[in-house]
Structure formats: C-alpha cells, structure tokens
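Here the structure is laid out as structure tokens; the discussion comes afterwards.
Residue numbers start from 1 in every chain, and the chains themselves are labelled A, B, ... in the order their sequence lines are given, proteins ahead of strands. Quick note: numbers below take in every heavy atom, side chains included, and nothing from hydrogens, waters or symmetry partners.
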Amino acid sequence: MSIASVRGFNDILPGETELWRHIEETAWSVFRTYGFSEIKLPIVEKTELFLRSIGETTDIVEKEMYTFTDRHGDSIALRPEGTAPAVRAYIERKLYTAPVTRLYYTGPMFRYERPQKGRYRQFYQLGAEVFGDESPRADAETISMLMRYFGKLGVEGAALQINSLGDRNCRPAYKEKLYNYLKERTGDLCENCLKRIDANPLRALDCKVPGCMEATRNAPSILESLCEPCEAHFNEVRRFLSLYGVTPVLNPRMVRGLDYYTRTTFEITADTGLGSQNAVAAGGRYDSLVSELGGPDTPCFGFAVGIERLALIMKGGAPRKPLTVFIALGDEAARKGIELVSAWREAGIRVVEDFSTGALKNRMKKADRLSADFVVILGENELRTGTVTIKDMKKAEQADVEWQRAAVVISGGNRG
RNA sequence: GUGGACGUGGCUCAACGGUUAGAGCACUGGACUGUGACUCCGGGGGUUGGGGGUUCGAAUCCCCUCGUCCACCCCA
C-alpha cells in the first residue's frame with residue numbers, strides 16, 4: 001500500500017481551504033478592530049512550559065502531549081494549546097512594557113488523543129489574549145467580540161456558558177469544602193473521580209457518570225464561595241455582557257481542564273453537527289499565570305477557537321468570487337487572449353484559460369465542471385469585430401461584449 | 001486508554017461460502033469539429049484496507065493489523 005498520513009493528522013483540501021481562509025480572515029478583521037495584533041509563535045516549546053502552566057495533573061499533560069528529547073537532550077513538546085507559548089513570549093520579549101497588550105494567533109496544536117469527528121491529533125486553533133487588563137469589562141468585551149465574530153460567520157445554535165473559579169484567595173477554601181463533601185461520599189463516586197479527588201476535586205463536578213452526578217448534586221457551589229472581590233468581578237462581567245447584548249447561561253459546574261484559570265471561565269458549545277465534541281470555543285481569565293512563569297504580576301484574559309469544529313458547524317460556505325474560463329479558438333485568438341486575460345487578472349478577476357483544442361462542446365463541458373460562472377470565447381468572428389462572447393453559465397445567457405467592457409461583466413459587476 | 005459499528009472502482013452502495021465481483025453517479029470517446037446541465041451509443045477503471053488462517057472454493061467465516069465513525073474519557 002502507498003504511504004498514508006499519520007493517524008489524526010489530516011490534509012485540509014481545496015474546497016475546504018476557502019472556508020478556512022474565510023474563518024481566519026474574518027477573525028483577523030474583527031479582532032483587529034478591538035486592537036489585537038497578530039503574533040506568530042513556535043510550534044515547539046520546552047516541555048516544562050506546559051508542565052508549569054497547564055498543570056502536571058491535567059489530562060493534557062499526563063497523557064496527551066507529544067513530548068520528546070531532542071539531539072541535545074532537552075525535553076521539548078509540540079504545543080497542545082496556545083496560551084502558554086503566548087505567555088512565554090510575552091515575558092521573554094518583555095511585551096509588558098506596553099500598558100495593555102492584545103495578541104491574536106492561529107496555527108496547529110497537537111494532542112495525542114483518539115481521533116473522532118471534530119477531534120484530531122493535529123488540530124487548529126485561533127486564539128486571542130488580553131494582557132494587563134484586570135477590568136471585568138475586558139472579560140465582557142472579549143467574550144462579546146467572540147460572539148460578534150461567530151455572528152459574522154453565520155454560526156447558529158451556539159450557546160455561551162460562564163462560570164467563575166475564584167482566585168488564590170477563595171479557591172483553596174472552596175476546594176477544601178468540596179474535598180470534604182466528596183470524602184464523605186466516596187462510596188458513590190466512580191473510580192476516576194476517586195483518583196482525582198485529591199489532585200483536583202473540582203473535576204468531579206462535571207463527571208457524567210450517573211452516580212457521581214447524583215453524589216455531587218448538592219455539592220457546595222463555587223459561586224457561593226467566591227470571595228468578595230471575585231464575586232464583584234463576576235457580577236460586573238455579567239452586567240457588562242448584558243450591555244453588549246450577550247446573555248450567558250450560568251454553569252457553576254463548568255470546570256476547565258487547564259489549571260491556570262482564575263475567576264471568569266466560559267465555553268461556547270454548538271447544538272448540532274459536532275456530536276459529543278461540541279465545544280467550539282473556550283477561555284477565561286488567568287491572573288496568576290504570567291507571574292507564576294516569572295513575569296510581572298499581569299492579569300490576563302483569553303480564549304481559543306477550534307477551527308475544524310467551527311468549519312463543521314458553519315452553514316454557509318465561504319463567499320466566492322466569480323470564476324471565468326477563457327476559451328480561445330485558434331492561434332491568433334490565443335495570442336490576443338494572453339493580452340486580455342493578463343489585463344483581467346491585473347484587475348483581480350479569477351480567470352482560467354482552457355489550453356485544449358478539442359471540440360468546443362467538450363471545452364464548454366470542462367468549464368462547467370470547473371464551476372465557471374462565465375465562459376469567455378474568442379474566435380474568428382470575435383477577432384473580426386473586436387469583441388468576445390461571454391456566456392453566463394448560471395443564467396444560460398450569452399452576449400457579445402467589446403474587449404474593453406468585458407472585465408466589467410465577468411467581475412460580476414452587472415449581475416442581478 | 002476502554003467499548004462498539006464499519007472498511008468493496010474516484011463517490012454512494014449491491015453481491016446466501018460457489019461462473020470472469022456488479023449498478024448508479026463520475027471519468028473518457030462518439031452521435032454533435034462555435035456552445036455546458038438533458039438524451040442515445042461505446043470504452044477504461046478493482047490485489048474487495050493490509051497480512052495470516054479455515055475450505056475443493058473466501059468480498060463473505062476466524063485471528064492479527066491499519067484506518068474511519070460512534071460512545072466513554074477528555075477537550076478546541
């Protein structure tokens with residue numbers, strides 16, 4: 001058998017890339033109006049970066065990272081997510097000399113998981129991070145930016161859930177409370193939850209095993225255990241979200257799989273098209289991460305969007321510029337064609353010339369299969385009169401058009 | 001990592017263990033050397049995912065392996 005791609009590593013083919021490009025360009029055009037600048041980050045980082053940011057007991061670090069030793073003996077890893085590298089760059093390149101830094105990035109991430117629809121070992125995220133802004137308005141504005149972006153893409157059925165995980169003042173106390181609560185019910189918990197009860201009891205909250213759901217039904221809620229500043233922050237986030245016209249669903253059981261989150265966390269899920277891998281975007285606040293990684297005290301907020309998943313739930317495709325197929329009949333027409341086609345391309349028009357010489361019928365057929373919007377024919381008759389025949393393939397109408405006017409027609413300028 | 005379903009021309013799918021594995025769509029040539037989608041006629045295309053086994057005989061049954069999908073897990 002011929003060599004196949006590695007499991008979970010896909011080619012994004014023509015026909016899909018148009019939509020991908022549209023997704024990324026729309027993100028860029030929306031995010032930049034909020035003051036974001038693009039940053040290009042490496043795909044490989046020192047393994048330690050992820051251990052210290054994502055957390056050593058998370059699933060991502062424990063069983064999903066592509067980690068290996070390079071020729072020098074250093075342990076390096078393919079990045080499983082984008083926030084940690086962004087934070088590393090922020091600190092290393094001293095981007096904190098600006099009062100607020102807003103970064104946008106896109107690219108592949110890697111996790112060794114069992115592939116499924118919407119879940120691949122190499123997958124693409126686009127993300128944005130706001131550095132140095134502690135205001136709840138930053139949370140609300142960034143979330144609303146994301147919702148606006150989804151709206152612009154025509155995404156339907158996307159639901160926003162938010163929660164607050166507290167901070168280093170109130171979360172330890174809550175953890176303790178929850179730990180004690182769970183300890184009294186160890187008989188009802190699944191094996192998995194028993195294992196994580198010590199390392200991260202919060203994870204038991206979103207376990208889907210019936211016994212665990214039952215056991216945690218009346219568990220203490222994080223939202224009732226927030227310290228005053230955290231509670232105030234969360235209330236402000238919600239107040240400003242509503243001013244932006246965004247109405248989230250409160251989900252006090254939503255726990256993120258990365259350790260660095262503090263206070264606000266959120267998740268956007270799709271109701272169709274994704275099966276159980278239905279999280280399209282997620283993010284939150286991480287006020288301690290920059291300092292924990294050796295940078296100055298810097299409150300941050302960010303999110304990431306899964307591009308494959310977004311592409312799967314997008315109803316409309318990418319907007320498409322008209323395509324023209326140019327057919328020259330005879331040598332003289334071909335020579336004139338070079339001039340005409342060059343000029344059209346100069347004007348930004350998409351033109352493909354059919355270089356074959358068979359029956360016009362077959363050449364028309366070929367143009368049709370290329371989904372041409374227009375076919376332009378230049379033959380002896382047209383050469384004599386200084387025109388081209390332009391056929392509108394969708395309307396099945398054609399007309400003789402003077403050379404200078406042809407560009408207007410095939411650029412779609414006068415289509416109804 | 002666990003459990004399950006499924007892998008047959010480019011695509012969607014047929015074929016009870018029994019001739020040379022078929023059909024539709026697609027492709028290609030012609031009817032029709034200046035007009036696509038419709039029609040008619042012809043043509044090419046398969047190591048039945050891969051490997052091993054059972055059998056006189058395997059697409060079909062068994063084992064292994066690879067892959068896709070679904071659920072769990074987890075997450076974007």
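Residue R253(A) forms a side-chain contact (heavy atoms from CB on, under 4.5 Å) with just one option from N163(A), T216(A), L202(A), and that option is T216(A).
One donor-acceptor pair, N or O on each side, does fall under 3.5 Å between the base of rC75(B) and the side chain of R309(A). At a cut-off of 3.5 angstrom, counting only N and O atoms as typed in the model, there is a donor on one side and an acceptor on the other between the side-chain of E382(A) and the base of rG34(B). Judged by atom type and distance alone, K391(A) reaches the base of rG36(B) through a side-chain donor-acceptor pair under 3.5 Å.
Pair assignment for rG45(B) gives none, since no Watson-Crick or G-U wobble pairing has each distance under 3.5 Å. Using N1 to N3 plus N6-O4 or O6-N4 for Watson-Crick, or N1-O2 and O6-N3 for G-U wobble, each under 3.5 Å, rC16(B) pairs with nothing. Under the Watson-Crick or G-U wobble criterion, with both distances below 3.5 Å, rU60(B) has no partner in any strand shown. In this structure rC25(B) sits in a base pair with rG10(B), meeting the Watson-Crick or G-U test at under 3.5 Å. Here rA5(B) sits opposite rU68(B) as a Watson-Crick or G-U wobble pair (both hydrogen-bonding atom distances under 3.5 Å). A 3.5 Å limit on both hydrogen-bonding distances identifies no Watson-Crick or G-U partner for rA76(B).
At a threshold of 4.0 angstrom between heavy atoms, the contacts of A372(A) with the nucleic acid are absent. Looking at heavy-atom distances under 4.0 Å, G283(A) makes no contact with the nucleic acid at all. Contacts of E380(A) with the nucleic acid, taken as non-hydrogen atoms under 4.0 Å apart, include base atoms. The residue I377(A) sits close to a base: some heavy atom pair falls under 4.0 Å. Residue contacts shown for T58(A) are absent, as no nucleic acid heavy atom lies under 4.0 Å away. Contact annotation for Q398(A): base contact, defined as any heavy-atom pair under 4.0 Å involving a base atom.
A sub-4.0 Å separation between OP1 or OP2 of rG36(B) and a side-chain N or O of K361(A) is present. Residue R256(A) places at least one side-chain N or O closer than 4.0 Å to OP1 or OP2 of rA76(B). An OP1 or OP2 oxygen of rC72(B) is reached within less than 4.0 angstrom by no side-chain nitrogen or oxygen of R114(A). Listed pair N362(A) / rG30(B) meets the phosphate criterion, a side-chain N or O lying under 4.0 Å from OP1 or OP2. Contact between the side-chain N/O atoms of R119(A) and the OP1/OP2 oxygens of rC75(B) is not found at any separation under 4.0 Å. One finds a side-chain N or O of R369(A) lying less than 4.0 angstrom from the OP1 or OP2 phosphate oxygen of rU28(B). Proximity of Q116(A) to the phosphate of rA71(B): a side-chain N or O atom is located under 4.0 Å from OP1 or OP2.
Scanning all heavy atoms of the two residues, the minimum distance from P80(A) to I54(A) falls at CG-CD1, 3.7 Å.
Taking the six-membered ring where tryptophan is involved, the planes of Y112(A) and Y66(A) are perpendicular, since the angle between them exceeds 60° and thus also 30°. Ring-plane geometry between F36(A) and F31(A) is classed as tilted, the angle between the planes lying from 30 to 60 degrees on a 0 to 90 degree scale.
Here the P atom of nucleotide rA76(B) and the CD1 atom of I313(A) are 15 Å apart, to the nearest Å. Atom CZ of R121(A) is separated from atom C1' of rG1(B) by 11 Å (rounded to the nearest Å). The distance between atom OH of Y120(A) and atom C1' of rC69(B), rounded to the nearest whole Å, is 10 Å. As rounded to whole Å, 6 Å separates atom P of rG36(B) from atom CE of M364(A).
No side-chain donor-acceptor contact under 3.5 Å links R320(A) and S371(A).
Relative to the six-membered ring of F301(A), R285(A) misses at least one condition, a distance below 6.0 Å or an angle of at most 45° to the axis. A cation-pi contact, defined as under 6.0 Å to the ring centre and within 45° of the axis, is absent between R119(A) and F123(A).
Toward the 5' end of RNA chain B, the nearer of the two residues Q125(A) and G8(A), judged by each one's closest nucleotide, is G8(A). Where R7(A) and E81(A) each meet RNA chain B at their nearest nucleotide, the meeting point lying more 5' is that of R7(A).
Only the P atoms considered, rG49(B) is 10 Å distant from rA59(B), to the nearest whole Å. When the P atom is compared between rU60(B) and rA14(B), the two are found 16 Å apart, to the nearest whole Å.
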